[in-house]
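Below is one structure, written out as C-alpha cells, with a few remarks after it.
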Amino acid sequence: MKTALVTGASSGIGRAIAEGLLTAGMEVIGLCRSIENLPDGVTPLRCDLLEVEEIEAAFSSLEKLDILVNSAGLAHHAGLMDGKPALWEEMWRINVHALALCSQLALSRFPKSGGHILNLSSMSGHRVPPTGGFYASTKFAVRAISEALRSELKTADDRTRVSCLSPGFVDTPLLDIYFAGREDALAKTRESIEMLTPEAVAATAIHILTSPEGVEINDVLMRSADQAV
C-alpha cells in the first residue's frame, strides 16, 4: 500500500484530494494545523507551515513516503503598489518556501525506485489577472520550483516524478480570504460562472498520481468550462 502525505488536507482541494487517495486504496497522512477537520481515515500530522522547525519535525516522524501533495496555499488580495508586506511574506512562506522545504524533506523518505510530488499551482501562475498581485507571483514560483526540481532529479538519475496542477477558479474557503472586504465581487463571480469544485480538481490530481509507471505528467491547466480567461 502506498503512503501519501497531503498538506492542507483539512479543507478545500487538499481535503478532496485526501479523500480521493483514500478511495484509491492509499494510506493518507494529512499535514495541517486543523487536524480536527481532516476526513475520516486520514492520519493526522499537526504542523504549522509557517514554522520551519515544525515542518522538519513532522517529516522526521515519517518512516516512509511514496507521494507528497503540496496542496496548502494562501491567497490575499495584496497588490505590488499598495499591498501589505506582511501579507506578501505570509503567502511567500506558505505557497513557496514551505512547498520547497516539504519537497526536499520528502525525497529522503521516498523509495529507491522514486516517489511522486504533486504541487498545486494556479491559473494565476500562467497569466496575471488585474488583481493578481503578489499571489500570482507565488504561483509562478511554484511552477518554476516544480520544473527546477524535475531537472535536478533527472540530472541525479532519480526516478521521482514531479507534477504541477493549475486550476482556475475553485469554490473553496480560499476565495473568502482572497475576496475579504470585496464580498460583492465574489458574489458576482459566483453568479457569472459555475466554478470548479474541489472534487473535480481532486479527480484530476488522482489521475496524475495514478498514471502508469514511466509516465510523468508535468504541467496541467484546468478551468471551469464557464471561465473565459
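Values in this document were obtained by computation on a predicted structure and should not be read as measured data.
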Practice item. Verify side-chain hydrogen bond (donor to acceptor under 3.5 Å, both in side chains) between S146 and N218, making sure each step is shown before the conclusion. Key: CA-CA 8 Å; S146 301; N218 296 123; over 6 Å; no
Exercise for review: Given side chain to side chain contact (heavy atoms under 4.5 Å, CB included), test L21 with I17 step by step and report yes or no.
Suggested key: CA-CA 6 Å; L21 291 170; I17 291 176; 3.9 Å; yes
Check your understanding: Given N95 and T138, is the side-chain hydrogen bond (donor to acceptor under 3.5 Å, both in side chains) satisfied, shown in steps?
Key -> CA-CA 6 Å; N95 297 357; T138 68; 3.1 Å; yes
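Listed here is the closest heavy atom pair of A16 and E199: CB-N, 4.1 Å. The two residues M222 and L196 come nearest to each other via the heavy atoms O-CD1, 3.8 Å. Across C164 and V142, no two heavy atoms sit closer than the pair SG-CG1, 4.3 Å. Summarising the geometry of K2 relative to D66, their closest heavy-atom pair is CA-OD2, 3.3 Å, with the distance given to 0.1 Å.
H97 NE2: 12 or fewer foreign heavy atoms inside a 6.0 Å radius. No more than 12 heavy atoms of other residues, nucleotides or ligands sit less than 6.0 Å from atom CZ of R33. Within a 6.0 Å radius of CZ in R159, no more than 12 heavy atoms belonging to other residues, nucleotides or ligands are found.
Between W88 and F134, the two ring planes are parallel [angle under 30°; tilted spans 30° to 60°].
The backbone N or O of D48 sits less than 3.5 Å from a side-chain atom of E54, completing a donor-acceptor pair.
Paired with E216 under the rule side chain to side chain donor-acceptor pair (under 3.5 Å), one option of H116, R161, K154 passes, and it is K154.
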